[in-house]
Amino acid sequence: MTSEATIAPPRSKLPNSGYREYYWLRSFVAGGVASCCAKTTIAPLDRIKILFQAQNIHYRHLGVLSTIKAVKQKEGFLGFYKGNGAMMVRIFPYGAIQFMAFDRYKKAIRKTINRSEHLHRLMAGSMAGITAVMCTYPLDMVRARLAFQVKGEHKYNGIIDAFKSIYTKEGGFRGYYRGLVPTVIGMAPYAGFSFFTFETLKTAGLKHAPELMGKPSLDNPDVMVLKTPVSLCCGGIAGAISQTISYPLDVTRRRMQLSAILPDSEKCRTMFQTLKYVCMEHGIRKGLYRGLSLNYIRCIPSQAVAFTTYEFMRQILHLNESPPPK
């Protein structure tokens with residue numbers, strides 16, 4: 001999700017040659033910081049989304065605003081951040097791997113597939129998202145379990161206890177990967193269209209209106225980056241499009257992750273079984289797309305902050321200078 005475009009052939013030298021030796025590490029850190037900032041921004045709405053998707057018995061009859069009010073009254077302000085500790089443990093490596101992998105995959109695909117740059121972005125984004133999910137899925141499982149708990153009805157006493165309980169009661173390591181298939185299938189279009197949309201908007205903006213939408217990078221004046229308001233806007237649009245496409249599979253993933261603690265667990269064992277059950281029981285709008293309006297409210301600022309923070313971190317960590325040739 002780089003936000004730069006080279007506007008002149010010369011390259012400014014980095015202030016310290018040691019920076020060149022750790023390009024991958026700096027890219028890793030930039031992605032992790034960007035994702036943590038983004039998720040912390042929308043953590044309260046993320047908790048509400050999980051309660052909506054899994055039809056929590058305490059809140060299933062309420063709308064978005066009523067649920068927000070009810071959570072505050074029942075669980076207090078910190079109730080909005082339940083499960084956020086597990087989310088931070090997961091989201092740093094997730095975001096770090098995803099952003100770093102996107103750059104790597106895009107360069108590799110560009111060398112092997114002589115096609116449109118649009119195809120490179122879409123493929124690299126999808127592959128980066130899948131890679132990040134595969135590496136961090138157990139943490140997402142634990143985070144979902146903790147966020148689904150309601151005050152006074154706790155089944156887990158924290159991250160470590162949740163890990164132990166899932167391992168001993170749900171089939172060992174297989175328990176950590178419940179719902180992985182719909183997650184991977186859903187992540188391909190989500191990450192792919194997210195990266196694709198942002199990169200396309202960025203490239204078009206810097207190409208057709210560089211003075212209006214761009215500015216010189218802090219670490220390399222030969223590179224143009226998006227201005228902060230423009231980057232926020234492009235990131236928000238990317239988030240809205242990608243979420244609309246992949247949301248039904250996100251609902252399926254959550255239902256499968258929480259199936260062991262839901263009363264209808266026997267109906268949510270496989271991806272197609274879960275999709276069919278949710279659709280037949282609750283319908284398309286109130287089942288597969290339940291909570292989508294809330295998700296728009298959370299995904300637009302989340303993606304906007306993620307892309308914009310990553311662009312800023314690229315400048316701070318001198319990532320707008322190409323890594324040394326291997």
Side-chain angles (χ1 to χ4, degrees), residues 28-29 31-60 67-98 132-180 182-183 187 250-265 268-269 291 294-295 298 302 306:
F28 187 90
V29 171
V33 171
S35 294
C36 284
C37 290
K39 283 297 181 181
T40 300
T41 301
I42 52 90
L45 293 175
D46 215 28
R47 170 89 200 286
I48 302 300
K49 185 196 77 166
I50 290 178
L51 294 174
F52 259 61
Q53 287 180 332
Q55 308 278 345
N56 186 284
I57 60 174
H58 296 279
Y59 305 110
R60 66 171 62 176
T67 300
I68 293 175
K69 182 178 180 181
V71 169
K72 186 176 185 299
Q73 291 177 341
K74 185 177 180 64
E75 306 180 51
F77 178 76
L78 293 180
F80 291 114
Y81 288 89
K82 185 169 292 183
N84 195 55
M87 171 60 82
M88 291 299 100
V89 173
R90 166 192 171 263
I91 205 62
F92 184 90
Y94 174 86
I97 292 170
Q98 182 174 242
V133 163
M134 295 289 289
C135 292
T136 61
Y137 192 78
L139 290 168
D140 187 45
M141 166 71 81
V142 170
R143 187 260 167 175
R145 294 288 180 90
L146 294 175
F148 187 70
Q149 295 184 135
V150 175
K151 187 175 181 180
E153 299 180 8
H154 284 198
K155 183 178 180 180
Y156 310 108
N157 295 318
I159 298 175
I160 296 178
D161 182 57
F163 267 110
K164 289 181 179 178
S165 180
I166 293 172
Y167 182 83
T168 56
K169 299 178 181 179
E170 300 179 35
F173 285 105
R174 291 184 60 184
Y176 295 134
Y177 288 91
R178 189 188 299 270
L180 178 63
T183 301
M187 180 52 65
D250 189 37
V251 172
T252 302
R253 169 177 65 111
R254 290 299 186 197
R255 295 284 299 196
M256 292 183 70
Q257 285 180 334
L258 300 169
S259 62
I261 58 176
L262 291 174
D264 51 5
S265 60
C268 301
R269 296 187 180 279
L294 173 66
N295 215 44
R298 60 173 287 280
S302 174

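Each residue takes its place number in the sequence, starting with 1.
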(message) For the backbone of Tyr137 and the side chain of Tyr94, can you confirm whether one donor and one acceptor N or O come within less than 3.5 Å of each other?
(response)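 No: the side chain of Tyr94 does not pair with the backbone of Tyr137.
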(request) Take Met141 and Glu170 through the test side-chain contact (heavy atoms from CB on, under 4.5 Å) and record every step on the way to the result. (result) CA-CA 12 Å; Met141 166 71 81; Glu170 300 179 35; 5.6 Å; no
Taking all heavy atoms of [X] and all of [Y], pick out the closest pair and write down the distance.
X      : Y      : result
Cys135 : Ile97  : CB-CD1, 3.7 Å
Ile42  : Arg298 : CG2-O, 3.3 Å
Ala306 : Ala34  : O-CB, 3.5 Å
Ser302 : Ala38  : O-CB, 3.2 Å
Ala162 : Val142 : CB-CG1, 3.7 Å
Phe92  : Cys36  : CB-SG, 3.8 Å

(message) Tell me whether the count of non-hydrogen atoms from other residues, nucleotides or ligands lying under 6.0 Å of CZ in Phe80 goes above 12.
(response)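 Counting other residues, nucleotides and ligands, CZ of Phe80 exceeds 12 neighbours.
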(request) Return the set of residues passing side chain to side chain contact (heavy atoms under 4.5 Å, CB included) with Tyr81 (not counting sequence neighbours), or none when no residue passes. (result)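 Side chain to side chain contact (heavy atoms under 4.5 Å, CB included) list for Tyr81, sorted by chain: Ala43, Pro44, Phe77, Asn84.
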(message) Which residues pass the side chain to side chain contact (heavy atoms under 4.5 Å, CB included) test with Asp161, not counting sequence neighbours?
(response)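 Listed in chain order: Tyr156, Asn157.
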(message) Could you check whether any side-chain heavy atom of Met134 comes within less than 4.5 Å of a side-chain heavy atom of Leu180, counting everything from C-beta outward?
(response)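 Yes, side chains in contact.
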(request) State, yes or no, whether a side-chain contact exists between Asp140 and Tyr176 at a heavy-atom distance under 4.5 Å. (result)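 Result no, sub-4.5 Å side-chain heavy-atom pair not found.
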(request) Can you measure from CZ (Arg90) to NZ (Lys39) and round to the nearest 0.5 angstrom? (result)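 The NZ atom of Lys39 is 6.5 Å from CZ of Arg90, to the nearest 0.5 Å.
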(request) Look up atom OG1 in Thr136 and atom CD1 in Ile91, then write down how far apart they are to the nearest 0.5 Å. (result)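 Output value for this atom pair is 7.0 Å.
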